[in-house]
Amino acid sequence: MRIATWNVNSINARLPTALTVIGGLEADIVCLQELKCEDHKFPREAFEDLGWNVATHGQKTYNGVAILSKLPFDEVLPRLPGDDTDEQARYLEAVVSTGGTAVRVASIYLPNGNPLGTEKFTYKLAWFERLRLRARELRDYEELCVLAGDYNVIPRDEDCYDPAAWKGDALFQPESRAAYRALLNLGYTDAFMAADGGIHRYTFWDYQAGAWPKDHGIRIDHLALSPQATDRLKSVKIHRAARGLEKPSDHVPISADLAI
DNA sequence: ATGTCGATACTTTATCGA
């Protein structure tokens, strides 16, 4: 089974590109982030016509997450628990099963957190802690579980071109990295690190300043695997070519192959 | 040194978020 995650940066601004990219993934499950539309504006039929089951949790203008699955959904849970006043659509969880094996997948769009010293960074860390608490609950289910998405965290210095350029950025702060490590320390495994671990392997290149032609990217899209999922991990692929297409997202998909 | 993109609205350019 191949599980992919991709920050599409508006599903409606690049639907033809998105259909091409998603088709090329040859995935069974695709987590999407930054839909930038409400649920009724998601192009559901375009995906259903291609055989996808579609679950969305969107909002107007900002954020929004979805899960596409070739297998039917047994369960769909929008919203991250822990703060009923949080109106930002950044979390969607679903369960599918095949051959008696259940797989739980979450599509995650972690807050960016910039600029530092504002409530945006505080919100990022608070949201991260809510995610950790949910991840701890899910770990104790002892299921195959994949927490996939745009974490807005650069885990290592080697996950960016120039660490000095990111020094003052929320994605590179010690607190952000510590929060990501705390999630992994529950027992989750960063699929890329387990299967590859290479340096300067990016999933995002800014639209500005020629970041893509100069390969000045960052690795911020991650798949965190529960122990049961980690035992099944075969390989991880970063779908880098997507960044060179017409009207690309600033992120590319990353996928993990599990022996299921 | 510079360089972008997408959504929105008291819109046709400014603003915000990334």
Side-chain angles (χ1 to χ4, degrees), chain A residues 5-22 31-44 46 56-66 80 86-92 107-128 131 148-155 159-173 175-177 179-180 202-222 239-254:
Chain A
T5 181
W6 184 32
N7 180 322
V8 66
N9 187 19
S10 172
I11 189 65
N12 287 312
R14 65 187 94 267
L15 183 59
T17 304
L19 291 170
T20 302
V21 168
I22 291 167
C31 298
L32 297 174
Q33 299 87 35
E34 279 209 88
L35 307 178
K36 294 188 173 178
C37 66
E38 294 169 289
D39 290 338
H40 70 274
K41 297 230 173 121
F42 186 91
R44 169 178 285 271
T56 63
H57 176 47
Q59 70 177 90
K60 198 171 181 180
T61 310
Y62 304 122
N63 312 316
V65 287
L80 182 64
D86 186 358
E87 292 180 352
Q88 301 192 29
R90 297 179 173 275
Y91 186 88
L92 178 64
S107 181
I108 291 165
Y109 180 43
L110 216 124
N112 175 295
N114 280 306
L116 296 180
T118 69
E119 70 289 343
K120 290 178 187 296
F121 190 60
T122 311
Y123 174 68
K124 176 180 194 151
L125 297 179
W127 202 96
F128 228 139
L131 178 62
D150 176 0
Y151 279 76
N152 270 315
V153 172
I154 303 166
D159 295 317
C160 65
Y161 171 74
D162 178 13
W166 291 92
K167 193 166 180 286
D169 196 283
L171 282 61
F172 202 70
Q173 291 313 294
E175 295 96 325
S176 305
R177 289 170 152 190
Y180 185 58
Y202 310 130
T203 63
F204 168 93
W205 296 260
D206 201 285
Y207 290 121
Q208 298 187 68
W212 167 244
K214 291 195 280 198
D215 198 24
H216 291 184
I218 52 178
R219 186 173 68 90
I220 55 173
D221 298 272
H222 310 302
H239 301 262
R240 185 182 161 95
R243 189 62 176 80
L245 300 177
E246 282 293 304
K247 248 179 111 62
S249 169
D250 40 7
H251 296 249
V252 298
I254 176 170

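Reminder, nothing fancy here: chain letters follow the sequence lines and each chain counts from 1. Scope of the values below: all heavy atoms of this structure, side chains included, with no hydrogens, waters or symmetry mates.
The separation of B/dT2 from B/dG6, taken at their P atoms, amounts to 23 Å, rounded to a whole angstrom. Straight-line distance between the P atoms of B/dG3 and B/dA7: roughly 22 Å, to the nearest whole Å. Using atom C1' as the reference point in both B/dC5 and B/dC10, the two lie 25 Å apart (nearest Å).
A donor-acceptor contact shorter than 3.5 Å is absent between the side chain of A/Thr56 and the backbone of A/Asp39.
For residues 159-173 of chain A, the pairs satisfying salt bridge (charged side-chain N to carboxylate O under 4.0 Å, His left out) are A/Arg156-A/Asp159, A/Asp159-A/Arg219, with sequence neighbours left out.
Counting non-hydrogen atoms under 4.0 angstrom, A/Ala13 reaches the backbone sugars and phosphates but no base. In this structure, A/Tyr109 reaches the sugar-phosphate backbone alone: every heavy-atom distance under 4.0 Å involves primed, P, OP1 or OP2 atoms, never a base.
Partners of A/Phe128 by ring pair (Phe, Tyr, Trp, His ring centres under 6.0 Å), not counting sequence neighbours: none found. The ring pair (Phe, Tyr, Trp, His ring centres under 6.0 Å) search around A/Tyr161 returns A/His216, not counting sequence neighbours. In terms of the salt bridge (charged side-chain N to carboxylate O under 4.0 Å, His left out) criterion, residue partners of A/Asp215 (sequence neighbours excluded) are, by chain and number, A/Arg240. Taking the side chain to side chain donor-acceptor pair (under 3.5 Å) definition, one finds that A/Asp250 meets it with nothing, sequence neighbours left out. Contacts of A/His222 classified as ring pair (Phe, Tyr, Trp, His ring centres under 6.0 Å), with partners at least two apart in sequence or in another chain: A/Tyr151, A/Tyr180. Not counting sequence neighbours, A/Arg90 has no partner by the salt bridge (charged side-chain N to carboxylate O under 4.0 Å, His left out) test.
Close approach of DNA chain B to chain A, defined as any atom under 4.0 Å from a non-hydrogen atom of the protein, starts and stops at B/dG3 to B/dA18.
Heavy-atom distances to DNA chain B give each of A/Pro248 and A/Asn7 a nearest nucleotide, and the one nearer the 5′ end belongs to A/Pro248. Residue A/Ser10 is the one, among A/Asn152 and A/Ser10, whose nearest nucleotide of DNA chain B lies closer to the 5' end (criterion: closest heavy atom).
Within residues 35-44 of chain A, the residues having any heavy atom closer than 4.0 Å to DNA chain B are, in order of number, A/Lys36.
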